[in-house]
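It should be emphasised that the depicted structure is a prediction, and the values quoted were computed from it without experimental measurement.
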Amino acid sequence: MHASRIISDGKCGKKCVWLLFSDGTSVSLTPDKNKSRNKGGKGKKKQVFEAYMSSEEVSAGLKRGELIQGPLRINPKKYHEAFIPSPDGTRDLFLDGVAARNRALNGDIVVVKVLPRDQWKVMKSDTDGEGSSEQESGTDRAGAPAGSKVTCSSADVIVEAQYSDGEEEQTHTDALATRVEKMNIKTLGMACIRVVYIMEQKHSRAATGFLRFLSDKNFAMFSPMDHRVPRVNVPLADCPEDFPTRPGDYTNTLFVCRITDWPDDSTFAEGQLLKSLGMAGEIEPETEGILTDYDVDFSDFSDEVLQCLPQDLPWIISPEELLKRRDLREECIFTIDPSTARDLDDALSCRLLPDGNFEVGVHIADVSYFVQEGSALDLIASRRATSVYLVQKVIPMLPRLLCEELCSLNPMTDRLTFSVIWKLTPEGKILSEWFGRSMIRSCVKLSYDHAQSMIDSPDTLLDPKVLPPCDPKHPVDEIHRAVVDLHRLAQKLRAQRFQGGALRLDQLKLAFTLDRETGMPQGCYIYQYRDSNKLVEEFMLLANMAVAHQVYRSFPQQALLRRHPPPQAKLVDDLMEFCDQMGLNLDFSSAGALHRSLHETLGMDEYSSARKEVLTHMCSRPMQMAVYYCTGVLKEEALFRHYALNVPFYTHFTSPIRRYADVLVHRLLATSLGECSGPLCFPSDDIQKQASHCNDKKTASKRVQELSCELFFSVFVKECGPLESEAMVMGVLDQSFDVLVLRYGVQKRIYCNVSLENFHFTKVGKKPELTLVWAPDDSDSRCVQQVSWITIFTLVEVLLQADEIPTKYTAVLKHPCEAGPQGSAPLLDASCLLGSQDAAQ
């Protein structure tokens with residue numbers, strides 16, 4: 001927690017010293033004559049943090065099961081709260097206060113010891129209907145939230161929440177789990193722990209923030225925007241030359257600072273100022289700050305890296321390479337992507353066979369051909385691990401010559417690919433499959449809109465004028481028929497998946513239209529996930545699952561796969577209890593059961609989809625994040641399962657232009673097919689280390705994407721607001737409540753401190769309710785005192801308006817007299833979607 005010393009005159013003329021924290025609380029530091037003095041002697045600073053254990057002590061403690069290792073997660077809104085997952089992954093262990101973290105930062109791999117039971121803490125669950133945690137509902141640049149945020153492009157198949165990448169430490173997991181079980185963590189509340197060692201500093205120690213001048217010091221105070229990072233003392237020599245004489249000129253300037261040291265006797269770190277970004281509130285400085293905070297490398301590629309690319313342009317495929325591949329250039333193969341996409345890494349084909357079955361192909365850019373193992377290009381790709389998608393641009397994993405040209409499956413251009421080809425029945429049953437390196441020539445670049453038009457009108461050909469240029473070898477009717485056939489097969493495959501127990505948690509995503517000249521947001525809308533998206537998704541899933549089986553069969557100790565652990569048991573139990581209180585019949589017994597119960601009828605009115613969104617958000621909170629792993633580091637095959645997809649093996653194969661994990665999977669696949677010279681030389685430990693790094697970078701990329709969308713939406717509210725919308729209540733606290741803003745798909749917290757005469761919070765079991773008493777509107781004699789009741793699923797009208805702080809906006813509940821008949825009372829609560837028997841409860 002950040003703090004400042006305040007010296008004031010107390011009683012009897014004595015000086016009183018207070019430690020003023022940034023959350024408004026304060027602690028007196030004036031010595032109490034009844035308490036013993038610091039034994040360290042006069043002038044010696046009191047130690048704030050414990051000394052770290054030695055590496056030998058840590059190693060021995062881990063082996064004995066006395067210490068626990070895991071990734072640190074700090075709540076960005078309540079930064080005195082931090083957590084690491086328990087060894088068995090069923091719940092979190094709690095670190096109470098900054099001192100307990102012992103100078104570790106978010107994401108660091110730490111070693112902790114469990115404190116005595118009398119220091120444990122009972123934590124209030126966020127799944128009991130009391131609203132999203134501050135972590136979930138805040139808009140700071142921090143955290144990997146369990147709930148959805150404003151985002152603008154679909155990510156993975158499942159909603160990914162918190163995760164632990166500590167599965168590589170399986171050697172002592174059983175002993176630790178047994179020890180934690182003996183500690184009765186499950187029955188005595190939240191176990192409190194303290195960091196005794198930082199195993200790996202995952203956090204970059206760099207942050208974006210503001211400078212504050214201190215008149216009597218030879219250093220300035222740097223205040224990070226991410227409150228999980230401590231305030232930092234930086235030398236005045238690092239600051240702009242005129243900063244000491246004109247500090248007011250820099251009040252709204254964003255700076256980048258890196259922590260160089262954090263003494264154990266200070267709550268403040270020490271560091272150096274790296275650069276000035278520009279004015280807060282402007283899109284580009286804010287964007288660069290986001291990238292810096294999450295350690296995203298957005299620098300230009302070095303000459304050494306660029307030298308790894310083909311130098312003789314235009315590049316052509318050599319005759320020798322042609323002989324090694326299956327030539328598919330005469331096939332009707334095409335891409336389906338967003339209209340603005342430039343990195344086209346997947347293509348599809350579908351051909352009706354004489355026996356009435358279909359030959360279906362998924363063709364993926366052969367990035368591993370260009371990214372040679374061990375090269376400078378391979379090294380930078382492994383470090384970046386993923387492309388990062390912002391609203392206005394992409395930070396690519398690979399140089400643009402590869403992303404947008406040589407690897408991109410551009411139309412009417414010969415390209416190298418890795419293909420999976422199946423023979424499928426019309427019902428979607430797989431009769432055979434083939435893997436191999438190939439060469440294709442895409443006949444057209446379709447957008448999702450083009451494909452959707454074909455799906456919506458299967459018997460009507462699109463006018464060639466509305467399509468992009470097509471290869472004359474493949475007329476529009478051939479392409480049209482292939483898209484329609486793929487859609488029908490995808491429907492069969494999708495139905496089989498969900499009948500087999502798969503789960504999908506869709507959450508609203510925001511997209512923007514930008515001014516071409518200024519880059520400023522002109523408008524925004526909720527992205528529509530349609531049948532054309534589902535078509536592509538189904539065949540990408542099918543290819544990923546097929547490749548996972550192939551590489552695991554070939555390399556049971558070295559396969560790079562992707563697993564999704566089941567949801568955290570404690571959070572599921574809390575959510576089940578809350579649902580019972582609310583009369584919600586959700587079945588958490590399996591992924592498939594949850595999917596079916598979520599898709600049961602939730603009322604027949606226009607707001608049923610909104611209620612489903614709220615329930616989906618609640619169900620997302622207990623979910624853990626899907627992670628990459630090496631099969632050789634997990635003891636049991638049962639741990640390989642992907643919970644949401646409900647399949648035993650899964651991996652990522654279909655996006656090697658933007659994900660390094662896919663490049664590694666391509667290399668494994670090629671070796672399994674005998675297409676690489678020599679045996680596989682990837683040690684399991686090295687694969688796991690890269691898998692963990694990919695997990696970290698994927699989490700950071702997801703959060704950066706969310707923050708980019710939040711930034712643009714804040715600018716949109718500032719430029720075009722105030723904005724009005726209906727909203728549905730998602731959670732209720734004692735002085736505030738969270739809402740889903742239906743028009744824009746964003747989640748905001750509304751505080752009970754505006755236009756209210758009084759409010760009252762009650763709770764029956766785990767069902768919370770707020771009673772709002774509105775002050776009469778003096779300007780309207782017809783508007784008398786009114787009362788509103790706020791509970792889960794209540795429909796309200798809100799106003800989104802710009803905040804005084806740049807890049808922030810607030811949500812305000814409209815007065816019932818302004819909101820009209822819908823805003824004066826709770827239109828929909830839980831009883832609206834239940835039968836009379838449930839409502840009577």
Side-chain angles (χ1 to χ4, degrees), residues 146 148 154-161 163 346 348 360 362 420 422 424-425 427-430 433 486-509 529-550 552 561-569 571-572 575-576 585-602 609 612-613 615-629 637-655 698:
S148 73
S154 58
D156 270 5
V157 179
I158 62 166
V159 174
E160 297 191 330
Y163 83 97
D346 59 86
L348 294 164
V360 175
V362 169
V420 185
W422 302 273
L424 296 175
T425 69
E427 297 303 312
K429 181 181 178 181
I430 298 175
E433 66 183 5
L486 284 171
H487 165 62
R488 289 170 178 164
L489 287 168
Q491 285 182 307
K492 301 289 186 181
L493 293 171
R494 189 176 183 84
Q496 291 170 19
R497 279 202 308 111
F498 288 115
Q499 288 169 6
L503 165 68
R504 184 181 177 95
L505 296 177
D506 282 317
Q507 296 191 358
L508 300 179
K509 297 174 175 66
Y529 185 75
R530 299 176 295 175
D531 286 339
S532 55
N533 302 84
K534 297 174 184 177
L535 181 162
V536 175
E537 178 187 78
E538 283 307 314
F539 288 105
M540 297 304 113
L541 286 172
L542 194 65
N544 286 334
M545 289 185 281
V547 170
H549 281 269
Q550 171 67 17
Y552 180 60
L561 302 185
R562 187 165 174 81
R563 70 189 185 100
H564 182 213
Q568 292 191 40
L571 296 181
V572 170
L575 184 55
M576 288 175 63
N585 297 315
L586 291 183
D587 186 348
F588 293 90
S589 60
S590 68
L594 178 57
H595 181 86
R596 287 188 292 273
S597 59
L598 268 176
H599 286 75
E600 290 175 355
T601 303
L602 295 174
S609 61
K612 181 184 170 186
E613 287 294 336
L615 284 174
T616 297
H617 172 79
M618 292 179 181
C619 294
S620 297
R621 294 180 194 168
M623 295 298 166
Q624 299 193 70
M625 197 171 193
V627 291
Y628 300 111
Y629 68 100
E637 207 172 84
L639 297 174
F640 296 3
R641 289 196 67 85
H642 196 292
Y643 173 80
L645 294 175
N646 195 31
V647 294
F649 307 107
Y650 188 68
T651 194
H652 274 169
F653 159 77
T654 54
S655 296
K698 183 173 178 63

Handout entry: Exam field: side chain N646 to backbone G500, donor-acceptor pair closer than 3.5 Å
Key = yes
Fill in the blank from the handout: Rounded to the nearest 0.5 Å, the CD atom of E538 sits from the CG atom of L348 at a distance of 12.0 Å
Exercise for the section: First locate atom CG of L508, then atom OG of S609, and finally report the distance between them rounded to the nearest 0.5 Å. Expected result: 8.0 Å
Problem - Beyond-backbone contact of L493 with L541, side-chain heavy atoms, under 4.5 angstrom - result: no
Problem - Sole candidate of H564, H642, H549 that passes ring-ring contact (aromatic ring centres under 6.0 Å, His included) when paired with Y650 - result: H642
Practice task
Can you measure from OG (S597) to CZ (F588) and round to the nearest 0.5 angstrom?
Solution key: 7.0 Å
Practice task
Decide yes or no for L542 and V360: does some side-chain heavy atom of the first lie under 4.5 Å from some side-chain heavy atom of the second?
Solution key: no
Practice task
Check for a donor-acceptor pair, side chain of E637 on one end and backbone N or O of P648 on the other, with a separation under 3.5 Å.
Solution key: no
Completion exercise
Scanning both residues in full, the closest heavy-atom pair of K612 with L598 reads CG-O, 4.2 Å
Handout entry: Closest heavy-atom pair and its distance - Y643, S590
Key = OH-C, 3.7 Å
Practice task
Determine the minimum heavy-atom distance between T425 and L489, stating which atoms define it.
Solution key: O-CD2, 3.5 Å
Practice task
May I ask you to test the Q491-R494 pair for a side-chain heavy-atom distance under 4.5 Å?
Solution key: no
Problem - Contact check, side chains of R563 and F640, non-hydrogen atoms, under 4.5 Å - result: no
Practice task
Flag yes if more than 12 heavy atoms outside K492 fall under 6.0 Å of its NZ atom; otherwise flag no.
Solution key: no
Problem - Side-chain heavy atoms of Y529 within contact of K509, under 4.5 Å - result: no
Fill in the blank from the handout: When every non-hydrogen atom of Q624 is compared with those of P565, the smallest separation belongs to NE2-CB, 3.6 Å
Practice task
Spell out, as yes or no, whether a donor-acceptor pair under 3.5 Å connects the side chain of N544 to the backbone of F653.
Solution key: yes
Problem - side chain to side chain donor-acceptor pair (under 3.5 Å) partners of D587, counting only residues at least two apart - result: S589
Exercise for the section: Search all heavy atoms of A490 against all heavy atoms of F539 and return the closest pair with its distance. Expected result: CB-CE1, 4.0 Å
Problem - Straight-line distance of L561 CG to R641 CZ, nearest 0.5 Å - result: 13.0 Å
Problem - Nearest heavy atoms of D506 and E613, plus distance in Å - result: O-OE1, 3.8 Å
Practice task
Give, for atom NE2 of H599 and atom CG of L615, the distance between the pair rounded to the nearest 0.5 Å.
Solution key: 11.0 Å
Practice task
Would you mind reporting whether L575 and R621 have side-chain heavy atoms less than 4.5 Å apart?
Solution key: no
Problem - CG-SG distance between L505 and C619, expressed to the nearest 0.5 angstrom - result: 6.5 Å
